[in-house]
Every structure is written in structure tokens, then in C-alpha cells.
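Here is the structure we will look at, set down as C-alpha cells.
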Amino acid sequence: MVTRHEVPRSVSVRAAAKINLHLGVGAVREDGFHPLDTVYQAISLYDDITLTSVGVASLGLQCADYIDPADVPLGADNIGFRALERVRARTGSPGVEKLEILKSIPVAGGMAGGSADAAATLLAYDRLHDLALPDEVLLELAAELGSDVPFSLVGGTARGRGRGELVQPLDDSGTWWWVAVPSDVGLSTPEVYRHFDMLFPNALTEPTGPDSLLIALAGGEPLQLARTLYNDLQAPAIDLRPELGTLIDRGESEGALRGIVSGSGPTCIFLCDSLGGAHAVVAGLRGAGHDVVLIANGPVAGAHLLEHP
Ligand code: C5P
């Protein structure tokens, strides 16, 4: 509890959106999750969260103009709140905080926006209360909150296995230019996975690995990387939302090297040969009636502290 003479302390943390350059999905496990062999990349679309120690818990939300705030849960089911609950339970630390989220990562878009908030909140809590939790503990807490949350802490480009929570950083010295087109209406991740099970009842237990993509990443050539992008959730996402297929074709005809669905969708991402190439694709897609078309580059850092005035 903050006393009258204490100045409330604040910590701000930034966490990035993720895309999957490779998403191999195996047959559903007994626990309901799917085994993954994936390559994540953090790209330059961010959520910033600020945690302030005050006497009353509250949640504030500000969204980029292309995000509908009504799509973000504001109650106890907000993943930032859930992160606070978990880390408090684990560490036994006291504290009541105000959580403010400044959101630019599309919601329910296949870009791990919720996971970014969870990762950022864990880190902010650790720093706000000077806990200095070891990385392993933060990663464990992250995995309890969601399959993508450990990657949101780590960032960069990384391989994910298990259900996606076992993250191993990869060398990636390239700067890759992406165009991202979010959708007005999100897609439910469990629904896309269920649709995968329906479309591929004979999926192998072992997910497809990213061998050729890893070679392309090391080579640094956008065209080579474009050829090796891979997503097993693309077919189910397009089956649920056929307009995503049309969007991908359109982006490629406007000059993108390759378009794919991001994770479980519905955001589609387009790899471009340069920043100039990305601007040309943006212009083409806007001309085709897509109002929200974003440029991002990757890889960028995982969750990290922002300077505070
Ligand atoms: O782990 P996360 O909370 O992000 O998962 C949300 C849902 O997505 C899970 O409940 C499950 O239905 C599906 N999922 C899956 N296999 C994974 C990751 C997620 O089936 N590897």
C-alpha cells in the first residue's frame, strides 16, 4: 500500500508482435495442444505497458486507431491481470498496481498481442518490485500464461518447440521488411487449430521442421526466405476466411515476394525486398481498398524496459 508520503513508482515495458516464419503443426496431443516446430520473429509493432504501484488495482487502455478497444478484455480475464496474479502467487510479493496498456498489436490477429502484454507485465512487475527473478522463472511463468509468451520475452528470431513454449534463439543478422494487413474481425486460435484437426485427421505426430528456412535465414536473401516461409495453419485459416486467400494473391501481385497468414491469422504478412518495396506494396493494397496496412521490420528485441521520465 502506498502511504501518503511515498511517490508512486512506475515502470514501462515494450513488447513486440510476433510472426511465424515457419509453423509446422503435428497431430493434437492428449492435453489438447498441438506439437509445434516453429520459427518466430519479433517485428516492430509494439504494445507498451506501464505498471504503477498505487493503492487501487485498475486497468487503462489506449489503442491505435485501427484497433477496436471493445475487442480487448478489461476484466479479470485480461492477460496482463492474469500475469500479475501468477507472478504474485509465485513470488508471494505484495503490491497493488495500476496497469496501463498502449496497444498497437492487432487483437486476436495471430501476432501474439496478448502474449506481448503478458510478457511485458511479468517483466514490469519484476522490475517495479526489484525482484530480480532469474530468467528461468520468468520463462516458466510465461509458459503458464500461454504458448507464445516465452517468445515475447526472448524476441529476435527463435525456434519454438513443444507447444511453442520451448524457445531457442537463432542467429539472424538480416533486416527483413514486412507488410502486415490486420483484419477487422479476429479469428479464434482454438477454432483454427480445431479446423486443422478436421482438415488433416492424419497429421503426423512430428511437425514439419524448418530446415530450408534456417538455411535461407543464414543466407540473408529475401527472395530465398520468401520461398521457404511455411504455415500449416494457413489452409484452415483460409478455409474459415476465404478472403484471406484473395488478400495474399493481391499482395503478391502488388510486388510482395510472398504473403502468408501470420500464425493462426487472420493478419496476413507480406515479405518485401526492401523498405521501398514495402511502401509500394502498401500503396497497392491501399489502392485495392485495404485501409489498414502496416510496415514493420524484424527481428527486434523481446520485452524490454523503456526509459521513464
Ligand atoms: O497457449 P495458448 O493459450 O496461446 O493457446 C490457446 C489455444 O490454442 C489452446 O487452448 C489450444 O486450443 C490452441 N493451441 C494448440 N496448440 C498449441 C498452441 C495453442 O492447440 N501448440
Side-chain angles (χ1 to χ4, degrees), residues 15-42 47 71-73 75-87 101 103 105-122 138-155 158-168 186-210 230-237 239-241 260-267 302-303:
K18 69 87 186 147
I19 56 177
N20 301 79
L21 309 182
H22 176 97
L23 181 49
V25 180
V28 65
R29 307 189 312 203
E30 279 185 1
D31 64 1
F33 285 91
H34 293 72
L36 302 185
D37 197 343
T38 187
V39 175
Y40 296 109
Q41 185 168 90
D47 281 4
D71 291 339
V72 182
D77 53 341
N78 179 278
I79 193 163
F81 270 163
R82 288 203 281 120
L84 287 175
E85 245 170 51
R86 289 257 169 186
V87 65
I101 304 175
K103 190 163 258 312
I105 306 175
V107 179
M111 301 187 97
S115 300
D117 297 353
T121 305
L122 288 177
L138 286 172
L139 288 166
E140 250 176 63
L141 286 165
E144 288 169 18
L145 287 157
S147 307
D148 294 337
V149 184
F151 174 70
S152 296
L153 283 174
V154 171
R159 188 150 175 191
R161 280 183 273 206
R163 61 179 166 89
E165 87 284 22
L166 305 173
V167 178
Q168 194 184 8
L187 256 178
S188 136
T189 302
E191 188 187 354
V192 177
Y193 274 105
R194 276 197 301 274
H195 208 62
F196 170 88
D197 296 337
M198 206 193 77
L199 290 182
F200 306 108
N202 300 319
L204 299 175
T205 315
E206 200 53 39
T208 303
Y230 179 91
N231 183 359
D232 275 333
L233 294 183
Q234 175 154 316
D239 206 48
L240 291 166
R241 291 277 182 83
I260 56 167
V261 169
S262 174
S264 57
T267 304

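Computed from a predicted model, the values in this text were never measured in an experiment. In each ligand, atom 1 is the first atom listed, and ligand 1 is the first ligand listed.
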If you count only heavy atoms, which residues are under 4.0 Å from ligand 1?
-> G32, F33, H34, L36, G146, S147, R163, T189, P190, Y193
Is it true that the side chains of H34 and D197 contain a donor and an acceptor less than 3.5 Å apart?
-> yes
Taking T267 for its side chain and G109 for its backbone only, find out whether a donor-acceptor pair lies under 3.5 Å.
-> yes
Using the test salt bridge (charged side-chain N to carboxylate O under 4.0 Å, His left out), find all partners of E144 that sit at least two apart in sequence or belong to another chain.
-> R86
Among V261, L36, D37, find the residue that satisfies the side-chain contact (heavy atoms from CB on, under 4.5 Å) test when tested with L23.
-> L36
Under 3.5 Å donor-acceptor, K18 side chain and G110 backbone | yes
Is the side chain of T38 donor-acceptor paired with the backbone N or O of H22 at a distance under 3.5 Å, no angle test?
-> yes
